[in-house]
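In the text below, chain A, chain B and the rest are named by the order of the sequence lines, each starting its count at 1. Computed from a predicted model, the values in this text were never measured in an experiment.
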Amino acid sequence: MQLQYLENGEILENAVVGPDTWRMQIRSPKVAGAAQPGQFIMVSVGHETTDPLLRRPLSIHQAKDDVLTLLYRIVGKGTKLMSFMKKGEEVSLLGPLGKGFQIKSASHHCLVGGGLGVAPLLFLATEIKRRLPTETMSILLGGRSKNELLVLNDFQKVAPVFLATDDGSLGMPGLVTELLVKEVKGPATIYTCGPAPMMKGVAQCARDKKWSCQVSLETMMACGMGACLGCTVQRSGFDESEKKYVHVCKDGPVFEAGEIWL
Amino acid sequence: MQLQYLENGEILENAVVGPDTWRMQIRSPKVAGAAQPGQFIMVSVGHETTDPLLRRPLSIHQAKDDVLTLLYRIVGKGTKLMSFMKKGEEVSLLGPLGKGFQIKSASHHCLVGGGLGVAPLLFLATEIKRRLPTETMSILLGGRSKNELLVLNDFQKVAPVFLATDDGSLGMPGLVTELLVKEVKGPATIYTCGPAPMMKGVAQCARDKKWSCQVSLETMMACGMGACLGCTVQRSGFDESEKKYVHVCKDGPVFEAGEIWL
Amino acid sequence: MALDTRVKIGEWQLENPIMTASGTFGYGEEFTPFVDLAALGAIVVKGISLHPRPGNPPPRVVETASGMLNAIGLQNVGVDRFISEKMVMIRKLGAQVVVNILGDSLDEYRELAARLADVEGIAALEVNISCPNVKKGGVAFGTDPLMAAKVTEVVSRQSSRPVIIKLSPNVSDITLIARAVEEAGATAVSLINTLIGMAIDIRTARPKLANIIGGLSGPAIKPVALRMVYQVASAVKIPVIGIGGISTLDDVIEFMMAGATAVQIGTANFVNPAVSGELVAGFRQYLRDTGRTTATELIGCVQR
Amino acid sequence: MALDTRVKIGEWQLENPIMTASGTFGYGEEFTPFVDLAALGAIVVKGISLHPRPGNPPPRVVETASGMLNAIGLQNVGVDRFISEKMVMIRKLGAQVVVNILGDSLDEYRELAARLADVEGIAALEVNISCPNVKKGGVAFGTDPLMAAKVTEVVSRQSSRPVIIKLSPNVSDITLIARAVEEAGATAVSLINTLIGMAIDIRTARPKLANIIGGLSGPAIKPVALRMVYQVASAVKIPVIGIGGISTLDDVIEFMMAGATAVQIGTANFVNPAVSGELVAGFRQYLRDTGRTTATELIGCVQR
Ligand SMILES: Cc1cc2nc3c(=O)[nH]c(=O)nc-3n(C[C@H](O)[C@H](O)[C@H](O)COP(=O)(O)OP(=O)(O)OC[C@H]3O[C@@H](n4cnc5c(N)ncnc54)[C@H](O)[C@@H]3O)c2cc1C
Ligand SMILES: Cc1cc2nc3c(=O)[nH]c(=O)nc-3n(C[C@H](O)[C@H](O)[C@H](O)COP(=O)(O)OP(=O)(O)OC[C@H]3O[C@@H](n4cnc5c(N)ncnc54)[C@H](O)[C@@H]3O)c2cc1C
Ligand SMILES: Cc1cc2nc3c(=O)[nH]c(=O)nc-3n(C[C@H](O)[C@H](O)[C@H](O)COP(=O)(O)O)c2cc1C
Ligand SMILES: Cc1cc2nc3c(=O)[nH]c(=O)nc-3n(C[C@H](O)[C@H](O)[C@H](O)COP(=O)(O)O)c2cc1C
Ligand code: FES
Ligand code: FES
C-alpha cells in the first residue's frame, strides 16, 4: 500500500491570494516528500475542540522538497479557522491520500481548471514539465471574472496559459470549454479539475475528439482513507452490483472521465 | 433590575502572571462602568464554533474607567482557548452579573483570599479604600506555596498584605485561617474568596468572634443570569421548601456566610 | 411588497415563528436587557407544577460536546405563587406567554389546567409529558401513547386555550405518541424535549450530576430533533413546534422546511441572551432575501 | 508491579479493552500505517451481509455539531467474497477480529452465522440489529425484544464463538432489549449504534443525505451512550461493550466506570487514525498513574 503519514507540519506562510482565497505553506517533510500530483491531504482545523469535528480534504497545490502548499477558499467554519492559523503554528496533516493524475507521454498535455479547481493543477504542471521536458503543454483557466483567476504567475512560469472569463474581464469572454476547442487543435491528453458542470463539458469535448481525459472529483469526506465509505460517486455503466460506486478518496480523486461519465 | 450588558470588548493585554495563570485586560466601557466588587462576567471563549458551548464565568478582578481586568487559571479547554486570544481581538462579555460584596463602614476590613480566590478581592480592596478612606483594612492571602500567591504588588499598593503558605515558602507557614487568628485582633468585617474548605474555616472563625463575614462562591453555571436555575447551593436551615436553594449567579456569588453555613 | 411573518397554532396567531423554550428563558424578565419580548412570537415560561418544588441538589448542569446536561429537577414556585406573583410581572412584559405545566398524576395535570383556566395574559398551555429529570411521572406519560392521550384529554377539557403537548424524544417511535395526542385533541405538538444523558467525573468516579442522569440539550441534539420533527410533521395534521439545538437562522429555516410551524430557542439563550430577538430580525431579512412573502411558505417545503 | 490490562468477554480474553467500531475502521488494513493492529484489544470489521450491497447513493456523510451523520447503507462485498478475499488479508494483520453481521430476515442471520462458523481467524461475531440506515430489517429487530431475542438464538445456535449483540439506542427502554438478548444467550451486548438524525441544506431545500435520514455518531452522542451503558450494565450480568463518541482516554475511563468491560472507538478514527493505538498506550499509563493493577477494577466502579 502507498505510504501515508500523520504529520504535524509547521506553518511557513498563510496569506490571502484572492477573494476569500488563501495559500498556506507548511513544512512537512514526510507528506511533501511522498506527494504525487492530484493527491490530497486531510488537514485538522480545530484545537482539541470537537466542532468542527472532521478533518478537511484539500488538494496538494504544490510539493517541493519538504514544503507542501495548499490553496483554499473560505466557504465555512473549517476553512475560516484555517485562515486564523498563524506562521509558526503547527497543523496536523494526514496524507498524501488517493490516486493522483497519471502522467504518460503524450503529443500534447492540456490542463483545464476552473475556480478553485486550479489547486491541484500547479503541482501537475510542474511534474509534467520535470518528467517530460520535451513535450508540449498548455494551461487553460476559467472563472466567472478576473479576480477568480488565481495564482496566474505561478502557472505562467511553467507553461503557456490561456484564460477565459464569463464576464470577459480577462482573457477570452466565455467558457473554458470554448477555449479548449479554440486553442487545442491537435490530439492532446486532458487533465481537468473544477466545478462539475465545467468538467463534464471538458470530458464531453475530449470524448468527441477521442482524447484521453482525467478528471479530479470532490465529495464530502469523513476519513479520506477508505475507511468510512462515505465519499462515493456512481460509476458509469454499473447498476445494482457492489461495483456501482467508486470512492473518491481511494479510487480517486482523479478518474478517467469515461469511468464516471459515459 | 440592575444594568447588564452584552458587549464586545477589545483585548488590551493577555499575559501570564503565574503558573497557568493569566491576566486579561479588556476595553469594555459599559461592563467596566457598571461593575461592582464581587460581581462577575460570562465570557465567550470560542469563535462561532459550538464546542466549548457555554460562556465561562470569571470574577471581575479590577474595573477602572473603561477597562475591565480578569485573572484566570487554565483548568480546561475554555480557559485554554482564552489564553490563545491576542491583543486587539474582540471578546464578548455578558455582565456585570450577580450581587457583589456589601461595603459598609466597619472598625476594620479584612480580606481573606486563597488561590484564584484573590481574583475579586483586588477590586474590592480598591473600592473599600476609595469609599471609606479613613478606615483600616488588611489583606490576608494564602496558597500552597510561594508561586501560588498572585499579583501581590497590586494588593500591596492598596493595603497591608499578610501571607501564608502551606510549605512556608513565603510568609507564615500554615493556613490563612491561622493567619487570620494571629493578625486580626480587634473586631472586623471579613470578606473571603477561595477554596470552599478555606472559606468554611474563615467563616467558622468569624462566627466564633461574632464578626460579619461575606463569602464568594463558585458553582457550575450555564447562563449566569438567573435563567437556567443550574447554579444552586443549599441554604442553611431550609429543607424541603422551594426556599431550599439559592442561586449563585443571581442571589450571589457573594453571600453572608451564615446564609450558606450555619 | 408586504411581508407576512405570522404563523398560526390553532386559533392563536403568532407575529412570527420564533419562541423561547421552557426552562431556558426564566420567566422572561431576566432577558429584558437583551430582547424586546413583545417582538418575539411567544415566550414559554419555566415549567409549573401544582405544588412548589425545590428541585434537585447541585451540581445540576454540566457541559458536554456541543451540548449540556441539566438536572434542574423542575424547581418552581408552584402554580399558586406563579399566578399571584409571577404572572403579575409577566403581564407587564407585553409578550405572548405560553405556560408550561407538568404533573405526576392525571389529577395534577387536570388541577393545574383548571387553576390556570381563567388567569388572564396566557396565550396557550404547553404540557410537559417528557421531562426526563423526575423519576416518577414525566417519562412514563411521554413514552406511553395511552397515557399521553389521557393527559391531553384532561388538560384540553379544562382549557379554552390552545394546548400544546411537548413530546419526549426518548421513545422508539415518536409518531405513535404524536398521533395519539392529536386524536386526543391536542392543538399542536412541540418537540423535542431533552435526550437522557449522563457524564462521569473520572477523578472522583462520581456522576457529574447529583441526579446521576440529566437532559441533553444544545446543538449536539439538533440532527435528532430535526429528524423527529420531519417524521412527526409527516404523521400528523396539527402544527408542529420544532425544538432542539436551534441557535442560528439556518437552524430555524431547517426546522421549518422539515415541517415546523414555529420553533423554540432553548440552550442558545445561555450562549447569547440576545439570540431570540436577533433571529426574529434575521427571519424577516431571510424571507426578503429569498423573495418570499409569507412565513408559511417555508413550512414543510423540504423535498421528499 | 505487573499490570493486567486484560478483560474477558465470555471465554474470549482481550489483551486490553480498546476495540475499534464496525464501519469506522474499514477491514483494518487502511490503518496499518498508523496503528499496530495486533496491539489493540480487537478490531470489528465493516458489517457483512449475505449478499453484496452497493449501499446508498451519495451524499452519504455530513458533519454536524461535534458529530456526523452517515447513510452508507451497509455497502459490503457480501459474505462469500468477504471470506474468500477479505479474511485472507485480515488474517495477515495479526489482530483479534470481530466480524459484524447484519441481515434483513432471521434466515439471513442464520445463514450468515453458518457460513462464518468454521472460517478461521474470527474471534467473535457482533450482530448488528440496530443499523438505522436500511428501511427494512435493521431497526425492527433492534426495537422489539422478541425479535432481538430470536436473532440472538439463531446466531448463537450456529456459532461456537462469542456472540455480541449490538443494540440500537433508538428505543424507549434499552434495558428491555438487553435483558431479552441476555436471556436468549448473548455472550455480551455492545452499545450504542447511531442515533437517527437528519440535516437539511436550506439553499436547495433538500436533505443533505440522499437517504434523507442517517446515523448520528461522534462526541455529540457520548452522554446518551454513557447513560445507556450505565443503565444496561445495571440491568444485565453479561459484559457490556461501550460505544459512542469515545475519543479520549477520559472517555474510555468514563465508559468503563459506567460499567463497560470494553469499548469501541468509531468516528474518532476519522479525526485521528492513530487514536486507537494511542488509547491502548494511554490506558496502560492511566492504570499506573492511578495505582491500579488491573483493568477490571475500573468496570462499573462509578458511585451510585
Ligand atoms: C479531494 C478534495 C480536494 C479538495 N481540494 C480543495 C482545495 O484544494 N481547495 C479548496 O478550497 N477546497 C478543496 N476541497 C473542498 C474543501 O474540502 C471544502 O471546501 C471544505 O472541506 C469546506 O470546509 P468548511 O468547514 O470550510 O465548510 P463547511 O462548513 O464544512 O461546509 C461549507 C460548504 O462547503 C461544502 N463542503 C463541505 N465539505 C466539502 C467537501 N469535502 N467537498 C466539497 N464540498 C464540501 C458543504 O456542503 C457546505 O456547502 C476539496 C475537496 C475534496 C474532496
Ligand atoms: C462566579 C464565578 C467566578 C469565577 N471566577 C473565576 C476567576 O476569576 N478566575 C478563574 O480562573 N476562575 C474563576 N471561576 C471558575 C471558572 O469559571 C472555571 O475555572 C472555568 O469555567 C473553567 O472552564 P474551562 O473550559 O477551562 O474548564 P472545563 O473544561 O469547563 O472544566 C475543567 C474543570 O473546571 C471545572 N469547572 C468548570 N466550570 C466551572 C465553574 N463554573 N465553576 C467552577 N469550576 C468549574 C470543571 O468541573 C472541571 O473540573 C469562577 C467561577 C464562578 C462560578
Ligand atoms: C436548563 C434547562 C431547563 C429546562 N426546563 C424545562 C422545563 O421546565 N420544561 C420543559 O418542558 N422543558 C425544559 N427544558 C427543555 C427545553 O425546553 C428544550 O426542550 C430542550 O432544551 C431542547 O432545546 P435546546 O436544545 O434548544 O435547548 C429545559 C432545558 C434546559 C437546558
Ligand atoms: C461511517 C459509519 C459507518 C458505520 N457502519 C456500521 C456498520 O456497518 N455496522 C454497525 O454495526 N455499526 C456501524 N456504524 C456505527 C458505529 O460502529 C458506532 O456504533 C457508532 O458510530 C457510534 O460510535 P462513535 O460515536 O464512536 O462513532 C457506523 C458508523 C459510522 C460513522
Ligand atoms: S472519505 Fe472515508 S472512504 Fe472515502
Ligand atoms: S447560572 Fe443559570 S441560573 Fe445561575
request  = Apply salt bridge (Lys or Arg N to Asp or Glu O under 4.0 Å) to the pair Arg56(A) and Glu63(D), showing each step before the final yes or no.
outcome  = CA-CA 11 Å; Arg56(A) 301 302 195 237; Glu63(D) 189 178 67; 2.7 Å; yes
Working to the nearest 0.5 Å, report the span between [atom1] of [X] and [atom2] of [Y].
{"X": "Cys228(A)", "Y": "Ile72(D)", "atom1": "SG", "atom2": "CD1", "value": "5.5 Å"}
{"X": "Asn56(D)", "Y": "Tyr245(A)", "atom1": "CG", "atom2": "OH", "value": "7.0 Å"}
{"X": "Asn272(D)", "Y": "Met42(A)", "atom1": "CG", "atom2": "CE", "value": "12.0 Å"}

message = Does any backbone or side-chain atom of Thr219(A) lie under 4.5 Å from a heavy atom of chain D? Answer side chain, backbone, both or neither.
response = neither
Side chain / backbone / both / neither for Leu94(A) at chain D, heavy atoms under 4.5 Å = side chain
task = Find the one option among Cys223(A), Ser92(A), Gly46(A) whose heavy-atom pairs under 4.5 Å with chain D are most numerous.
result = Cys223(A)
inquiry  = Only pairs of heavy atoms separated by less than 4.5 Å count here; which of Ser44(A), Gly224(A), Pro52(A) has the most with chain D?
reply    = Pro52(A)
With heavy-atom distances below 4.5 Å as the criterion, would you say the side chains of [X] and [Y] are in contact?
{"X": "Gln4(A)", "Y": "Glu30(D)", "answer": "no"}
{"X": "Phe270(D)", "Y": "Met225(A)", "answer": "no"}
{"X": "Leu53(A)", "Y": "Pro219(D)", "answer": "yes"}
{"X": "Leu229(A)", "Y": "Arg60(D)", "answer": "yes"}
{"X": "Tyr5(A)", "Y": "Pro33(D)", "answer": "no"}
{"X": "Asp51(A)", "Y": "Ser66(D)", "answer": "yes"}
{"X": "His247(A)", "Y": "Gln75(D)", "answer": "yes"}

key: Engaged part of Thr248(D) at the chain A interface, taking heavy atoms whose separation is under 4.5 Å   =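 Thr248(D) has no heavy atom closer than 4.5 Å to chain A.
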query = More than 12 foreign heavy atoms under 6.0 Å from NZ of Lys80(A): is that the case here?
reply = no
request  = Can you establish whether the number of heavy atoms outside Arg91(D) located under 6.0 Å from its atom CZ is more than 12?
outcome  =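 Correct, the count exceeds 12.
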Taking every non-hydrogen atom, the tightest pair across Val61(D) and Gly230(A) =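 So the minimum-distance heavy-atom pair works out to CG1-CA, 3.8 Å.
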